Every structure is written in C-alpha cells, then in structure tokens.
Visitor: 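Handing you this structure, nothing more for now.
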Amino acid sequence: MNIAVMGYGTVGSGVVEIINKRGTKIVGKSSPCELSVKYILDLRDFPGDPNAGKFTKDFNKILNDESIKVVVETMGGVNPAFDFTSSALKAGKHVVTSNKELVAEKGLELLSIAKENNVNFLFEASVGGGIPIIRPLSVCLAANEVKSINGILNGTTNFILTKMISDNMSFEAALKIAQENGYAEKDPTADVEGHDACRKICILAALGFGNHVYPKNVHCEGITKIMLEDVAYASSYDSVIKLIGTAEKLEDGKLYIIVSPAVVKLSSQLSSVNDVFNAVLVDGDEVGEVVFYGKGAGKLPTASAVVADVIDCANHQDTRRLIGWENENPDIIADYKTIPNQYYIRLMVEDYTAVLPKLKNLFGNIHLLARSGAGTHEIAFITEKFTETDIRNKLSTLKGSDLKSLIRVANC
Ligand code: HSE
C-alpha cells in the first residue's frame, strides 16, 4: 500500500525510516498489504537524502494519485495542515497525524469530514509521543466513566525540570539540549509556556469526557517562572515540581481543566516520571487508576505511534475506527480560580518575624518550608485548600511583601 508523508521534520523522517526499515514485515502475515512511502511532501530540499526521488513540493500530486491510500501529516501547525488533511479525507484517503495543534483546534471538524467520506482520521501520536493513550482511553476504558485525567504531557518541559531538579542545570542550558534532541517544538515557546501540553489535555478531555475542548478555553501556565529556589523548597516538602495537565469532572458536572506547574508529592506515580518521559494517569470509576508511561517526544518513539496508525488503516481500509466526540460545550468548563486547592507560596518580605503571624491569621494552618541559603527575607509555605481568588485576595492585604511563586499542589 502506498502512503505519502507530509512534513519531513523530526517525526516525518522517523516515519519514513521505520517504514523503510520494516517495510512489508511490519504489517504482519495476516495482511495482504505492504507499506511503501511513495511521496514525501516538504518545501525544503534534502540533498544527499537516501529518499531522493520521493520528494515533492506539490500537494496535488499526492491528492490526485489514487494509489495513495494513507496520508501521514507530520507538518505541525494548523495551516496548511488543515487544508491538506481535509482535502485528503475528502478524496477518500485515510489521514494519520501527530499534530496535536491540528487535533485540538480542528479535530471535531476533521473527524466529521472523515466520517462523511468513510475514512479514518487517526492521531495516536498527538498525545504522549510513543505512549499508547488515545486508543486505550477511547476503546479499552470505554466501560468507565472517567473521573479525572492527570498527565505529564510535554517532554521538553519535563526534561528541563528534571535537569533543574537533578543537575541544578539552568533553564536555558536544559532547553538547548532538548532542542538538540528534537524534543522541542519549532518555536519552543509552545513547550515552555504550556501550550503544547494544553493542546494535549484538550484532546484527552475530549476523549475522556465527550465534548471538544478548545485550548483557548483552558487556563494554561508554563514553567518559565519556576526558580531553583522553588525546586529546593519542593524538595524539602518531599515533592518535585512538574508541569501537569489536569481534566477532572467535578461533582456539579463541570469540567476543571488546567495546565500549570504543580508541586507533586514523591508518593505520586507522576513524581518519578523524568527526562523526556510522559505519563498519563486516568482515574475511571470501574477500573480505578491506570497509568500510561513512555517517551513523550522524539523521532522514533513518536513515529512508532504514527506508523501503528498507518498499519491500522492498512489493515482496516474499509472499516471506520469509532474514535470521536461531540461539539464543544463551553458552559461545562469551570472557572479554575474558583476551585479550592492547596498552594505553595513563596514571598519576599521585609520582616519575616512580623509577617508570620499575619500569614497564620490569613491562611490558618500553614506548612512552613525551609531551604539552605534562603536568608531572612524569604518565606515559603504550603496552604490548606483555598481558591486562587481567595489566595490572591488574602495576599493583596499583606503590605511589604512581594509574591515570587504561587504553585498549586497536585491532587494526583
Ligand atoms: N514538543 C513536544 C514535547 C513534542 O516536548 O513533548 C511531542 O509532542
């Protein structure tokens, strides 16, 4: 079976490499299909590449070639990926993508176009890189009502935080290594500001809770304000700081969905997920907690998930996979500022001794934290459960203090 790969970057080149390496064997004896990459669409030139002869800059060549049954979209971004994907689906070709932005922004539309044209739009690689999570969540856990999904969903930021925690490495140095390893997005702002993780939790929320969730409706904070001081305080609390995506069904039926750094206790299964690894912790009403773990970014791990989707299309060319969700319902998204949570707070204060009773007065029980070299003007503590609105209101009454960090404590 002929396929076309659109976008010959980190993931696309990995897809071609795996298919070239495994070729016919990969599909298995039960299938009459063989996989062969016929076209690689990319505007760049790749002199000396062993796939010379397959490159094209013309999408219509792929669209008009009836022998192309599956199109792989690994270009990234919404445009022109959306136009190419929708045209390919309308032309009766299955499309497989690793593009989380495309799925988070346009998934509803593309799934509907796929349905109308009786083809598949598959996106296992869009969340968690090589980790199987899309099918498990939508197929294997289908008997459950999902209570919550919590995940470390971005390899780049997890790599950076791990280096900061374990090696005391600076943010910039760790980001540089992540870029060299092909983990980071073209513009790493999407990683470090949490947008990439946000797209992924939106996709998981849609699968888990049934309605499309647009990233613009989700509160999202990145890791750029995390300091080594915060890492040290978290460590004194037997915790680590991780970028966590959360989607949780509340008692009133609303959805609490957020991406932010979180103080994660060492007893949590997510605390030991390090480097480029991702993990998704799903809590289902029947199954309890299940964790999906593996490499969340990088060429071959991500390509492995893409190629698996291609194989699925090859083996089920006339069958539709029933993966999907309903329209968005913005009314079900809860205001994150009104959800009570424990918080870690770090302040610079003029007078530690004078501020302490005021803090106790404002927050009741606080758990004071210590780190070596803190000096007498820094104070850090963990609160009991308050809403973010309450916390900020209380802190605004504290004169002569400067809020350095406000980080939620993870509930997973
Ligand atoms: N930049 C992404 C990450 C790539 O670091 O997780 C995988 O989606």
Side-chain angles (χ1 to χ4, degrees), residues 76-78 81-82 97-110 123 125-129 131 133-134 137 146 148-161 175 178 183-226 241-249 254-262 264 270 273 276 278-282 292 296-297 302 325 328-330 332-337 339 341 388 406-408 410-412:
V78 173
F82 174 71
T97 187
S98 60
N99 185 340
K100 47 269 160 136
E101 191 174 358
L102 183 69
V103 182
E105 297 289 353
K106 298 284 188 184
L108 188 65
E109 219 165 323
L110 290 168
F123 44 91
S126 65
V127 179
I131 306 172
I133 178 64
I134 302 293
L137 186 53
V146 173
S148 64
I149 302 170
N150 282 281
I152 293 175
L153 301 169
N154 181 269
T156 301
T157 44
N158 204 41
F159 183 86
I160 293 171
L161 289 172
L175 173 59
Y183 304 152
E185 298 299 299
K186 263 182 223 156
D187 175 2
T189 314
D191 295 297
V192 298
E193 294 297 354
H195 304 144
D196 178 77
C198 182
R199 290 163 189 150
K200 293 166 176 168
I201 196 68
C202 287
I203 298 170
L204 295 180
L207 285 167
F209 301 106
N211 288 98
H212 195 98
V213 179
Y214 287 98
K216 66 175 183 344
N217 296 329
V218 175
H219 178 70
C220 170
E221 293 166 32
I223 63 162
T224 49
K225 294 186 189 129
I226 304 294
I241 296 178
K242 297 282 184 191
L243 184 69
I244 302 286
T246 294
E248 183 185 338
K249 193 74 166 266
K254 290 209 171 197
L255 189 61
Y256 171 46
I257 176 161
I258 186 169
V259 171
S260 72
V264 180
L270 297 184
V273 177
V276 74
N278 283 191
V280 184
L281 172 57
V282 181
F292 302 87
T302 311
W325 49 79
E328 74 159 337
N329 180 359
I332 62 165
I333 310 271
D335 177 357
Y336 75 95
K337 284 195 180 147
I339 309 300
N341 208 87
E388 186 176 323
L406 176 64
I407 304 176
R408 71 190 174 110
N411 297 308
C412 53

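Predicted, not measured: the structure shown is a model, and the values here were computed from it.
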Visitor: Strictly distance-based, threshold 3.5 Å: is any side-chain N or O of D191 a donor or acceptor partner for the main-chain N or O of N154?
Guide: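 Judged by distance alone, no pair lies under 3.5 Å.
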
Visitor: Sequence neighbours excluded, which residues qualify as side chain to side chain donor-acceptor pair (under 3.5 Å) partners of N99?
Guide: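 N99 satisfies side chain to side chain donor-acceptor pair (under 3.5 Å) with E73 only.
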
Visitor: Using side-chain heavy atoms (C-beta onward) and a distance below 4.5 Å, is I152 in contact with I244?
Guide: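 I152 vs I244: side chains touch.
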
Visitor: Show the numbers, then the answer: is there a side-chain contact (heavy atoms from CB on, under 4.5 Å) between V103 and V127?
Guide: CA-CA 10 Å; V103 182; V127 179; over 6 Å; no

Visitor: So do I241 and I223 actually touch side chain to side chain, heavy atoms under 4.5 Å?
Guide: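 A side-chain contact is absent here, since even the closest heavy-atom pair is not under 4.5 Å.
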
Visitor: Does the side chain of L108 reach to within under 4.5 Å of the side chain of E328, using non-hydrogen atoms?
Guide: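 The answer is no; the side chains never approach within 4.5 Å.
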
Visitor: Return the minimal non-hydrogen interatomic distance between L406 and E388, and the atom names on each side.
Guide: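 Distance-wise, the nearest heavy atoms are CD2-CG, 4.2 Å.
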
Visitor: With side chain to side chain donor-acceptor pair (under 3.5 Å) as the test, would you mind laying out the steps for N411 and N341 before giving the verdict?
Guide: CA-CA 8 Å; N411 297 308; N341 208 87; 2.8 Å; yes

Visitor: Of the non-hydrogen atoms in G194 and L243, which two are nearest, and what is the gap between them?
Guide: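 For G194 versus L243, the nearest heavy atoms are CA-CD2, 4.2 Å.
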
Visitor: Can you name the nearest heavy-atom pair linking T302 to G129, along with the distance?
Guide: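 Smallest interatomic distance, heavy atoms only, reads OG1-CA, 3.8 Å.
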
Visitor: Please tabulate, one pair per line, all N/O donor-acceptor pairs under 3.5 Å involving side-chain atoms of residues 200-216, not counting sequence neighbours.
Guide:
from : atom 1 : to   : atom 2 : distance (Å)
K200 : NZ     : L153 : O      : 2.9
K200 : NZ     : D196 : OD2    : 2.5
N211 : ND2    : N327 : O      : 2.7
H212 : ND1    : W325 : NE1    : 2.9
H212 : NE2    : A104 : O      : 2.6

Visitor: Assess the residue pair Y336 and V218 against the criterion (side-chain contact (heavy atoms from CB on, under 4.5 Å)); give the C-alpha distance rounded to whole Å, side-chain angles, the decisive distance to 0.1 Å, and a yes or no.
Guide: CA-CA 9 Å; Y336 75 95; V218 175; over 6 Å; no

Visitor: Before you tell me yes or no, could you show the steps for C220 and E193 under side-chain contact (heavy atoms from CB on, under 4.5 Å), namely the whole-Å CA-CA distance, both residues' side-chain angles and the distance that decides it to 0.1 Å?
Guide: CA-CA 8 Å; C220 170; E193 294 297 354; over 6 Å; no

Visitor: What distance separates F123 CZ from L110 CG, expressed to the nearest 0.5 Å?
Guide: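 Those atoms lie 10.0 Å apart.
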
Visitor: So, the side chain of K242 versus the backbone of V273: is there a donor-acceptor pair under 3.5 Å, distance only?
Guide: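 It does hold such a pair.
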
Visitor: For P261 and I407, which heavy atoms make the closest approach, and how far apart are they?
Guide: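 Smallest interatomic distance, heavy atoms only, reads O-CG2, 3.4 Å.
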
Visitor: Please report the shortest heavy-atom distance between V192 and T157, naming the atom on each side.
Guide: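 What the structure gives for the nearest pair is CA-CG2, 3.8 Å.
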
Visitor: Less than 4.5 Å apart, side chain to side chain, heavy atoms only: is that true for I258 and R408?
Guide: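 Sidechains of R408 and I258: in contact.
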
Visitor: I'd like to check the side chain to side chain donor-acceptor pair (under 3.5 Å) partners of E105; sequence neighbours left out, ordered by chain and number.
Guide: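 If we apply the side chain to side chain donor-acceptor pair (under 3.5 Å) test to E105, skipping adjacent residues, there are no hits.
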
Visitor: Return the set of residues passing side chain to side chain donor-acceptor pair (under 3.5 Å) with E221 (not counting sequence neighbours), or none when no residue passes.
Guide: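 So E221 forms a side chain to side chain donor-acceptor pair (under 3.5 Å) with H219.
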
Visitor: Test of understanding: with side chain to side chain donor-acceptor pair (under 3.5 Å), list the residues that count as partners of D187, not counting sequence neighbours.
Guide: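 Only T189 meet the side chain to side chain donor-acceptor pair (under 3.5 Å) criterion with D187.
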
Visitor: Under the side-chain contact (heavy atoms from CB on, under 4.5 Å) criterion, do I257 and N217 qualify, and how do the steps go?
Guide: CA-CA 9 Å; I257 176 161; N217 296 329; over 6 Å; no

Visitor: List the residues meeting ring-ring contact (aromatic ring centres under 6.0 Å, His included) with Y256, not counting sequence neighbours, and say none if there are none.
Guide: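 Not a single residue meets the ring-ring contact (aromatic ring centres under 6.0 Å, His included) criterion with Y256.
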
Visitor: Looking at every heavy atom in both L270 and A279, which two are closest together, and how far apart are they?
Guide: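 Smallest heavy-atom distance, with atoms named: CD2-CB, 3.8 Å.
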
Visitor: What distance separates E248 CD from L255 CG, expressed to the nearest 0.5 Å?
Guide: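 Nearest 0.5 Å value for the CD-CG distance: 9.0 Å.
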
Visitor: Hey, does the side chain of T156 reach the backbone of Y183 with a donor-acceptor pair shorter than 3.5 angstrom?
Guide: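 Present.
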
